[in-house]
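What follows is a single structure, written as structure tokens, with notes after it.
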Amino acid sequence: MKQRVSALLREKFGREVVLEKPKDRSFGHFATPIAFSLAKELRKSPMVIAEDLASSFNDSEIFTSVESVKGYLNFRLSEHFLNDYALWALENENDFGKQEKKEKILLEFVSANPTGPLHIGHARGAVYGDTLYRLAKHLGYDITAEYYVNDAGNQIDLLGLSIALYARENILNESVEYPESYYRGEYLDGLAKGAVEKFGVEIFSDESRYKELALWAKDGVMDIITKSLADTNIFFDTFVKESSLYSEWDRVMDKMASTDKNAIYKKEDKVWLSSEAKGDDNDRVVVREDGRPTYLAGDIVYHNQKFERGYDHYINIWGADHHGYIPRVNAAVEYLGYDSNKLETLLAQMVSLLKDGEPYKMSKRAGNVILMSDIVEEIGADALRFIFASKKSDTALEFDLAEFKKQDSSNPIFYVQYAHARIQTIINKSELSKHEIMESSLMGLEENADILLFDALLLPEVIEDAFSSRQVQKLTDYLKALAASLHKFYYDCKIIGSDDEAKLLKLLLVVALSLKTGLSLMGIEAKDHMSREDNA
RNA sequence: GCGUUCGUAGCUCAGCUGGAUAGAGCACCGGUUUGCGGUACCGGCGGUCAGGGAUUCGAAUUCCUUCGAGCGCACCA
């Protein structure tokens with residue numbers, strides 16, 4: 001809709017025109033301050049320019065009126081245009097807001113280590129990534145969701161040790177001491193018991209077999225992780241294991257060296273990456289004295305593999321505590337001969353949780369982490385997704401669980417769902433058939449109804465904007481606002497029994513379509529009725 | 001110290017590439033249809049957009065600077 005207006009104006013003025021939503025809806029559907037920028041070039045007052053421009057729009061098919069107010073140019077779309085568009089949307093529900101972007105995108109997110117269940121910080125990145133994924137799919141991008149599994153390195157050994165220690169204490173009843181760095185948590189119990197079945201209790205007393213224990217356990221942890229993700233409607237297309245990459249290390253090193261002979265060098269018996277020359281603070285070790293590659297080496301191979309698979313664009317979503325890591329990966333990508341501008345790294349900031357004012361604490365390795373699964377159990381997956389999607393991902397977030405358990409307008413997910421449910425209820429209540437409703441015209445709506453229709457038809461622009469700016473909260477903001485318009489309209493206007501019943505119901509169908517489509521892009525299913533007992 | 005993200009109402013946050021009177025929700029106070037789910041709606045209270053400077057027709061938004069906060073600054077992943 002906006003694209004059409006925008007294209008029309010671009011053609012008319014021969015330049016890109018800024019379109020915005022007027023502050024006050026009585027001004028019209030769209031507005032532009034273009035007269036202000038033209039004022040300087042034309043050496044005339046903005047008011048005069050706006051007047052001239054407005055009067056030049058007499059014969060447009062899309063607009064009913066174009067007016068100038070204090071230098072702004074305000075456009076009002078024609079009823080024909082809105083009516084046709086709404087009808088098309090209702091008849092092509094699944095295509096509403098869809099586009100056909102062709103770009104191939106690789107989106108990597110979550111990628112939490114397989115050493116324990118996901119905590120609340122991971123959940124934020126997970127929701128953010130999955131929402132972007134759904135938006136991109138809707139826009140027609142060929143996007144792949146990928147999870148990078150860090151199943152090599154010290155932390156895996158530590159997992160084995162942690163399970164063994166847990167088992168020795170709780171199954172063999174030995175008295176043990178936990179070093180600070182060991183993993184803790186309830187999940188160890190399941191793994192320890194599983195290990196007894198698989199290997200027998202002997203394994204816990206045999207240090208030489210801890211590696212074996214760890215390699216088995218990491219798959220179990222991945223199952224726990226993918227299950228919590230699935231419970232939140234998050235799924236991945238591909239998993240890439242770090243352990244599968246190191247065999248390519250020599251080839252990748254040669255590749256960097258052939259692009260730039262200074263990319264890699266030896267010093268103090270270690271191998272270094274010249275990342276400082278590419279904007280990093282320091283050069284980085286990639287192979288230690290003893291020949292073991294560092295974590296960065298694995299990531300270099302991984303990114304090489306990503307680029308060799310051939311996508312147009314790459315997006316990584318990382319926790320904010322990894323932001324210092326970006327320059328070295330970009331450096332490596334350039335040494336590999338690729339354009340680091342194609343690699344976009346987004347950060348999900350920390351989350352702090354309150355419950356009735358009490359702050360929760362998060363520490364990665366202590367047993368008292370706040371698990372994603374616990375929060376899902378407490379407030380439900382829908383509420384979790386809504387809250388995480390509704391805040392800009394690059395700012396720290398604090399929220400109180402209590403707010404998302406309420407069943408009233410203070411809980412945004414409830415509020416939006418209730419709007420959708422109200423529409424379903426009233427449609428069912430009406431005696432009119434679906435056919436009669438669809439046959440009616442949306443022309444001649446009064447002003448409030450017209451505004452509601454316009455708002456509902458704005459979803460496609462919101463989807464495009466939310467994805468291209470990577471700001472998924474634009475979608476939740478939109479849904480909250482649309483729900484508010486609906487509730488207000490419902491209060492102001494009697495629908496059943498009115499002369500315009502069919503017309504108004506059709507309008508509500510358009511609103512419901514927008515709500516439902518918007519929710520589905522957040523991995524949330526729209527509800528047709530609310531129940532008071534439904535305390536998720 | 002260096003890098004980075006930020007600082008908007010009592011609280012949690014929106015405010016897009018500069019544009020019309022800086023917005024929501026919570027909290028607090030007061031109201032509402034003979035009408036379809038009052039699980040809703042409306043109104044009030046509340047702001048020096050951290051401070052200062054610059055750019056211009058115009059700045060919460062861009063730039064500089066001061067102050068304050070989170071995160072990072074490993075041969076851990």
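Sequence lines set the chain letters: A, B, ... in the order given, protein chains first and strands last, and positions in each chain run from 1.
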Which part of the nucleic acid does Asp492(A) contact within heavy-atom distance under 4.0 Å: base, sugar-phosphate only, or nothing? base
Considering only atom C1', compute the distance from rA22(B) to rA9(B) and round it to an integer number of Å. 11 Å
In whole angstrom, what separates Lys474(A)'s NZ from rC13(B)'s C1'? 15 Å
Report the distance from atom CD of Gln155(A) to atom P of rA74(B), rounded to the nearest whole Å. 19 Å
Distance in angstrom units between Asp465(A) CG and rA14(B) C1', rounded: 13 Å
Could you tell me if Ser274(A) and Asp283(A) have a donor-acceptor pair between their side chains, going purely by distance under 3.5 Å? no
Could you tell me if Arg184(A) sits above the aromatic ring of Tyr182(A), with its cationic atom closer than 6.0 Å to the ring centre and no more than 45 degrees from the axis? no
Once you round it to whole Å, what is the distance between C1' of rA14(B) and CG of Leu479(A)? 15 Å
Examine rC41(B): is either OP1 or OP2 under 4.0 Å from a nitrogen or oxygen in the side chain of Tyr415(A)? Give yes or no. yes
Contact residues, residues 445-464 of chain A to RNA chain B [heavy atom, < 4.0 Å]: none
Closest listed nucleotide, where the reference is the side chain of Lys391(A) and the choices are rU12(B), rC16(B), rG70(B): rU12(B)
For Lys429(A), report the nucleic acid contact type (base, sugar-phosphate, nothing); a contact means any heavy atom under 4.0 Å. sugar-phosphate
If you only use heavy atoms from C-beta on, which nucleotide in rA14(B), rA40(B), rA20(B) is closest to the side chain of Phe27(A)? rA20(B)
Which sits closer to the 5' end of RNA chain B, Cys493(A) or Gln471(A), going by the nucleotide each is nearest to? Gln471(A)
Nearest-Å distance once atom C1' is located in both rC73(B) and rC16(B): 33 Å
Both distances below 3.5 Å, Watson-Crick or wobble geometry, any strand: find the nucleotide opposite rA59(B). none
In whole Å, what separates the C1' atom of rG47(B) from that of rC42(B)? 23 Å
Figure out the OH/P separation between Tyr491(A) and rC41(B), and round it to whole Å. 10 Å
Is it true that Glu146(A) and Lys306(A) make a salt bridge, defined as a side-chain N closer than 4.0 Å to a carboxylate O? no
Please measure how far the P atom in rG46(B) lies from the corresponding atom in rG52(B), and state the result in whole Å. 23 Å
Within the stacking criterion (centroid distance below 5.5 Å, interplanar angle below 30°), does Tyr490(A) stack on rA40(B)? no
With the side chain defined as heavy atoms from C-beta on, Lys70(A) is closest, among rC26(B), rG15(B), rU21(B), to rU21(B)
Of the nucleotides rA77(B), rG35(B), rU21(B), which has the atom closest to the Tyr295(A) side chain? rA77(B)
Using purine N1 to pyrimidine N3 plus N6-O4 or O6-N4 for Watson-Crick, or N1-O2 and O6-N3 for G-U wobble, each under 3.5 Å, what pairs with rC41(B)? rG31(B)
At under 4.0 Å between heavy atoms, what does Glu289(A) touch on the DNA or RNA strands: base, sugar-phosphate, or nothing? nothing
Distance-only donor-acceptor check, side chains Gln473(A) and Ser390(A), under 3.5 Å: no
Under 4.0 angstrom, heavy atoms only, what part of the nucleic acid is Asn74(A) near: base, sugar-phosphate, or nothing? base
Check the side chains of Glu501(A) and Ser498(A) for a donor-acceptor pair under 3.5 angstrom, ignoring hydrogens and angles. no
In Å, rounded to the nearest 0.5 Å, how long is the span from CG of Leu161(A) to CD1 of Ile156(A)? 11.5 Å
rC36(B), rA74(B), rC57(B): which one has an atom nearest the side-chain heavy atoms of Arg284(A)? rA74(B)
rA59(B) and rG53(B), which share atom name C1', separated by this distance in whole Å: 13 Å
Whole-Å distance, Trp318(A) CH2 to rC73(B) P, equals 13 Å
Residues Ser410(A) and Asp408(A): side-chain donor-acceptor under 3.5 angstrom: yes
Distance-only donor-acceptor test, His323(A) side-chain atoms vs rC71(B) base atoms, 3.5 Å: yes
Phosphate-side-chain proximity, Lys392(A) and rG15(B), N/O vs OP1/OP2 below 4.0 Å: yes
Atom pair CG (Leu135(A)) and CE (Met522(A)), whose distance is rounded to the nearest 0.5 Å: 9.5 Å
Asp408(A) side-chain proximity, nearest of rC42(B), rA77(B), rA40(B): rA40(B)
Taking atom C1' in both rG68(B) and rA74(B), compute the distance separating them and give it to the nearest angstrom. 29 Å
Quantified in whole Å, what is the P atom distance between nucleotide rG51(B) and nucleotide rA60(B)? 11 Å
Indicate, with a heavy-atom threshold strictly under 4.0 Å, whether Asn150(A) touches base, sugar-phosphate, or nothing. sugar-phosphate
Please state whether the phosphate of rG38(B), meaning OP1 or OP2, lies under 4.0 angstrom from any side-chain nitrogen or oxygen of Arg422(A). yes
Using ring pair (Phe, Tyr, Trp, His ring centres under 6.0 Å) as the criterion, point out the one residue from Phe454(A), Phe63(A), Phe30(A), Phe27(A) that pairs with Phe75(A). Phe63(A)
Separation between the C1' atoms of rU48(B) and rG44(B), rounded to whole Å: 23 Å
Closest approach to the side chain of Ile495(A), judged atom by atom: which nucleotide of rG70(B), rC42(B), rC36(B) is it? rC36(B)
Do the side chains of Glu464(A) and Lys101(A) get close enough for a salt bridge, i.e. N-O under 4.0 angstrom? yes
